[in-house]
Amino acid sequence: MGGDVKKFMYVNRKAPYGTIYALESLEVVLIGAAFEQDVSVVFIDDGVFEIVKGQDTAGIEMKNFSNTYKALEMYDVEKLYVSKDSLEERGLTEDDLIVDVELKTAAELTALMEEQDVLLSF
Amino acid sequence: MLHTVNKSPFEKNSLDTCLAHAKEGSAILLIEDGVYGALNGSKMTAQIQQAMEKFTLYALGPDLKARGIADKVIDGVKVIDYAGFVDLACENDKVQAWL
Amino acid sequence: MKFTIQVSEGPYNHQASDSAYQFAKAALEKGHEIYRVFFYHDGVNNATRLTTPPQDDRNVVNRWSALAEEHNLDLVVCVAAAQRRGIADADESKRNGKDADNIAPGFRISGLGQLIEGGIQSDRLVIFGD
């Protein structure tokens, strides 16, 4: 593939803390940013809970990594998509989220996924 | 695109989310506990049959056999082996795992 | 066709590593190339040579090592995930002041960039996880 840029999408479908997938997914996104590919991150199902405001992990003695999502912009990871259906199913709105995102319908997400070269699932 | 689903639809929503986001005409392969979605006569059967109007459904034979349901598969679900899985991964331009 | 395979779960607890192994074997039998197998999350636990399964069961770790030797596979264990879970080679063990290492033959420890590079260099990324 040489110097070609591929389209990478990180698909996050799991809530934080209960399992490590959300944190380790974020670590891939941060490392992956250095490769200067065309990156987008999507939050579907319980993945939307990863970016909910007001997370305080003091009582469970785990690292609160929610603020790191705000730093993604500095890594030029700017395409953050959230499933509109998943957000609504959970009684949440964009105002509940810690970062600016684009809400996408299932059909829009289908189209976005079809455009990708590589889909990483977490 | 090839979609893989490895969760039982009786326990997790991976298959639902896959069906909601797969493009019409896509191939969907049930593996591991995902093969329980191919079980005929279950509460999922009608949904799978409906999905088969839009998608081609495959199930991994070795996983069906291991679970004792190889002879209870919904008509029209294509049963393949690991070699067939590899072929599907080649024929489709990318693979999305719905974990 | 060139594949990179990601294994996101440890051996025995979840079928992911078994499925990935069967897929890799089938792909190799068909003459395809496995560019890399990347072990992430609890998948790094596939790389400990201290695994001792019952004699009547498959040895998931040895099976990966043997496949790697036979086909010159690149089995890469994510360093960050490995450090968390206590998977170390001699260098990592020394660097972190540990008294032992446990990496199995055929595996190497490297960074997450190896997964991204696998995605860039391969025709397909196939993920097995939970």
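In what follows, chains are A, B, ... by sequence order, proteins preceding strands, each numbered from 1. This structure is a prediction, so every number in the text was calculated from the model and none was measured.
With rounding to the nearest 0.5 Å, the separation of CD in Glu24(A) from OG in Ser8(C) is 9.0 Å. The structure places CD1 of Ile127(C) at 6.5 Å from CZ of Phe122(A), a figure rounded to the nearest 0.5 Å. With rounding to the nearest 0.5 Å, the separation of OG in Ser25(A) from OH in Tyr40(C) is 7.5 Å. Taken from CD in Glu117(C) to CD in Gln37(A), the straight-line distance is 10.5 Å, to the nearest 0.5 Å. Atom OG1 of Thr19(A) is separated from atom CG of Asp130(C) by 8.5 Å, given to the nearest 0.5 angstrom. With values rounded to the nearest 0.5 angstrom, Leu115(C) atom CG is found 11.0 Å from Ile31(A) atom CD1.
Both the backbone and the side chain of Tyr21(A) come within contact range of chain C, with heavy atoms under 4.5 Å apart. If you measure heavy-atom distances from Leu125(C) to chain A, the contacts under 4.5 Å come from the side chain alone. With a 4.5 angstrom heavy-atom cutoff, Leu30(A) does not touch chain C via any of its atoms. For Arg124(C), no part lies near chain A; criterion is any non-hydrogen pair under 4.5 Å.
Dense packing is recorded around NZ of Lys2(C), with more than 12 heavy atoms of other residues, nucleotides or ligands lying under 6.0 Å away. The number of heavy atoms from other shown groups lying within 6.0 Å of NZ (Lys94(C)) does not exceed 12. Applying the 6.0 Å contact sphere to CG of Asn13(C) captures no more than 12 heavy atoms from other residues, nucleotides or ligands. Heavy atoms of other residues, nucleotides or ligands lying less than 6.0 angstrom from CD of Glu73(A) number 12 at most.
Remark: Glu69(C) pairs with no residue by the side chain to side chain contact (heavy atoms under 4.5 Å, CB included) rule, at least two apart or across chains.
Contact annotation: the side chain of Leu23(A) approaches that of Arg84(C) to within less than 4.5 Å [non-hydrogen atoms, C-beta and beyond].
The two residues Gly119(C) and Lys6(A) make their nearest non-hydrogen contact at O-NZ, 3.0 Å.
Residues of residues 96-116 of chain A having a heavy atom under 4.5 Å from any heavy atom of chain C: none.
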Quick one, Ile20(A) with Arg85(C), criterion side-chain contact (heavy atoms from CB on, under 4.5 Å). Give me CA distance, side-chain angles, the key distance, then yes/no. CA-CA 12 Å; Ile20(A) 200 170; Arg85(C) 294 165 178 87; 3.4 Å; yes

